[in-house]
Amino acid sequence: MKRFWLAGGFGLLVAVLGASGVMMHARGDAPAPLLASVTGGHDVRAPEGVRIRVQVLNTTKTRGLARRATRLLRDRGFDVVELGTVGPTMDTTLVLDLSGHPEWAGAVAKVMAPAHTRARRDSSRYLDVTVLVGSSWRPPAEPLDP
């Protein structure tokens, strides 16, 4: 009986998503940006020839989240120079522009989607961007080590 309800619920979910995709196509909306924001902006990389210094701070109770975010950002060409854990707990990831380059913070936010950006100038100029990882962020799946 439980399988019946699970199968029915899954079928309903597929039908609703399919109908919304047809409606978006009929209206001329492109679903690709939505997909890119959900998948974490796989094509987004740090600008070539620019060193963007990033601080990654885990605001959740999930251990290792800052480390996973650091690995992802470094794979995309960002220079993560500091990571750690801070409080209070946040639901949504927040990317702070510390250097007056909103396009850099925007690129980091696309990699860390879903995320919001906010400008907060830092006179020390040691960091360009700070990422406060929220509980809604899910790291991409990692392959199993053989």
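Computed from a predicted model, the values in this text were never measured in an experiment.
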Practice problem: State plainly whether one hydrophobic cluster holds both Val81 and Val86, where clusters connect Ile, Leu, Val, Met, Phe, Trp and Tyr through side-chain heavy atoms under 4.5 angstrom apart. | Solution: yes
Self-check item: From Leu132 atom CG to Gln55 atom CD, the distance as rounded to the nearest 0.5 Å
Solution: 8.0 Å
Practice problem: Using modelled atom types only, decide if a donor and an acceptor are shared between the side chain of Thr59 and the backbone of Val133 within a distance under 3.5 Å. | Solution: yes
Practice problem: Establish whether Val50 and Val54 are linked, either directly or via other cluster members, by ILVMFWY side-chain heavy-atom contacts under 4.5 Å. | Solution: yes
Quiz prompt | Gap between atom CZ of Arg138 and atom CG of Leu65 - 0.5 Å precision | solution = 8.0 Å
Quiz item: Which distance, rounded to the nearest 0.5 Å, do you find between the CE of Met90 and the NE2 of His116?
Solution: 9.0 Å
Practice problem: Could you walk me through whether Asp97 and Thr117 pass the side chain to side chain contact (heavy atoms under 4.5 Å, CB included) test, one step at a time? | Solution: CA-CA 7 Å; Asp97 170 23; Thr117 59; over 6 Å; no
Quiz item: Which value, rounded to the nearest 0.5 Å, describes the distance between Glu103 atom CD and Ile52 atom CD1?
Solution: 8.0 Å
Quiz item: side-chain contact (heavy atoms from CB on, under 4.5 Å) with Val129: which of Val95, Val80, Leu98, Leu73?
Solution: Val95
Quiz item: Backbone N or O of Asp75 within a donor-acceptor pair of the Arg45 side chain at under 3.5 Å?
Solution: yes
Exercise. Calculate, to the nearest 0.5 Å, the distance between atoms CG and NZ belonging to Asp43 and Lys110 respectively.
Key: 8.5 Å
Quiz item: Which heavy atom in Ser136 sits nearest to a heavy atom in Pro114, and how many Å separate them?
Solution: OG-CG, 4.2 Å
Self-check item: ILVMFWY network linking Val56 to Tyr126, side-chain heavy atoms under 4.5 angstrom
Solution: no
Self-check item: Donor-acceptor pair, side chain of Asp128 and main chain of Arg53, under 3.5 angstrom
Solution: yes
Quiz item: At their closest point, which heavy atom of Ala46 faces which heavy atom of Gly77, and how far apart are they?
Solution: CB-O, 3.4 Å
Quiz item: Say you draw a straight line from CE of Met112 to OG1 of Thr93; how long is it, rounded to the nearest 0.5 Å?
Solution: 5.0 Å
Quiz item: Is Leu72 close to Trp137 at the side-chain level, that is, under 4.5 Å between some pair of heavy atoms?
Solution: yes
Exercise. Looking only at non-hydrogen atoms, find the nearest pair between Ser135 and Thr60 and report the distance.
Key: N-CG2, 3.3 Å
Self-check item: Smallest separation among heavy atoms of Arg68 and Pro139, with atom names
Solution: NH2-CB, 3.5 Å
Quiz item: Are Val44 and Trp104 connected in the hydrophobic side-chain network, where two residues link if heavy atoms are under 4.5 Å apart?
Solution: yes
